[in-house]
Amino acid sequence: MQSTEPDDLSTGSRVHRRFDVEFQNARVQGFTMATHELMPTVTTRFLSIDDLSHEELEACLRLAAEFKAARAAGVRHEQPLEGKHIALLFEKPSLRTRSTFQIAVRELGGDVIEPPREEAFGARETIADVARNLERWVHGAVVRTYAQTRLQAFAAAAPRLRVVNALTDDEHPCQALADCLTLKERLRELPGRTIAFVGDGNNVATSLAQAAVLLGVNVRIASPAGFELPVRVRERIASRARAGAQLTVIADPIAAVRDADAIYTDVWTSMGQEGEAADRHTIFGPYQVNRELFAHAAPDAIFMHCLPAHRGDEVTSEVLDSSASVVFDQAENRLHTQKALLAMLG
């Protein structure tokens, strides 16, 4: 039986807790009310981490850290979305993504509209026509859907509309931004560090690897045969790696986590795969992140999960509730990184 009591799995747990305060204090010092003119800008589309250069990713993370520190200190910042509307189009269920985008838009001075799902995703008219309508009314659209090609078609139909990928079957780039901010908070210097992802080579693994190698972090992904990151995705990730970062895809979870600085996992059955749940539970059983597997990581390793977590499946409560776990830091950082992203999209 798995223990449900929190326990220290990391000798660096006290450092992890203390760094929250140190990091925010450092960011607040010298933070002034940011002006929209001084904010870095990126393309009007964020469909993938691949839409960002290394410099743009770093700028987004710096701005997110400043927003986070300012919010904690009660310091006001510029509101680049003042007088603008953002449409949230969600075809898939959401807690963290919906809530944090709603708050982010409003804290940046904007307002949110949420067209009903059946009206936003082509039940009454094509997805392209939906985009063309919204382009006349709103500044941007945050889209959470199934196929990446569906998102791409939406964006292509409305070239003036800011479009953000809030999750597709292929990628989850907003989650990766929050993951990277969390890694920076906990590990500080990232080049040369190693993160191990254990489980399905899915959308979360894809975006995490895309972002991590761009920051110089080595990525190891352990997946059972048939569930690995696709070869074409690996090749693209490898081509964008910086500072000697390497992507390794293997089957052995122990080899993947050995001496890693962070261990990451996700649910074994994603939305839309419910019919495969029983088979996946059997296949992914050996890939559970538990105390025994975590013991092979670095002594001060952290545990990461995008949430929601299925306790007792991909991770035990013992690990999820331990002092090594930063899963709720990741969830909090969704707000700050998405605020930065929206501000940079202009």
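Along the sequence shown, the residues carry numbers beginning at 1. Side chains are part of it too, since the values below use all heavy atoms of this structure and drop only hydrogens, waters and symmetry mates.
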Donor-acceptor side-chain pairing of [X] and [Y] below 3.5 angstrom:
X    : Y    : answer
D313 : H281 : yes
D261 : T194 : no
S317 : R311 : yes
Q210 : R240 : no
H77  : E66  : no

Quiz item: Between N165 and L47, is there a donor-acceptor pair closer than 3.5 Å when you use the side chain of the first and the backbone of the second?
Solution: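 Yes: the side chain of N165 pairs with the backbone of L47.
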
Quiz item: Would you say T100's side chain and R96's backbone share a donor-acceptor pair under 3.5 angstrom?
Solution: yes

Self-check item: Side-chain cluster (under 4.5 Å, hydrophobic types only) that L335 belongs to, other residues
Solution: I103

Exercise. Kindly write out the residues that satisfy side chain to side chain contact (heavy atoms under 4.5 Å, CB included) with R160, not counting sequence neighbours, or none if the list is empty.
Key: E135, R136

Side chain to side chain, [X] and [Y], heavy atoms closer than 4.5 Å:
X    : Y    : value
E314 : Q288 : no
V319 : L293 : no
I237 : L229 : yes

Quiz item: So how far is it from I86 CD1 to R106 CZ, rounded to the nearest 0.5 Å?
Solution: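 The CD1 atom of I86 sits 12.0 Å away from the CZ atom of R106.
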
Practice problem: Please say which of I195, L208, L247 ends up in a side chain to side chain contact (heavy atoms under 4.5 Å, CB included) with V217. | Solution: I195

Exercise. Report the residues that fulfil ring pair (Phe, Tyr, Trp, His ring centres under 6.0 Å) with Y287, sequence neighbours left out, ordered by chain and then residue number.
Key: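 Here no residue qualifies.
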
Determine all donor-acceptor pairs shorter than 3.5 Å in which one atom belongs to a side chain in residues 251-258; sequence neighbours excluded.
residue, atom, partner, partner atom, Å
D252, OD1, I254, N, 3.0

Quiz prompt | Sequence neighbours excluded - side chain to side chain donor-acceptor pair (under 3.5 Å) pairs with any residue from residues 226-237 | solution =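 Output for this query lists D50-R236.
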
Taking only distance into account, with no hydrogens and no angle test, what donor-acceptor pairs under 3.5 Å do side-chain atoms of residues 114-125 form with protein atoms, sequence neighbours excluded?
residue, atom, partner, partner atom, Å
E114, OE1, R98, NH1, 2.4
E114, OE2, Q102, NE2, 2.6

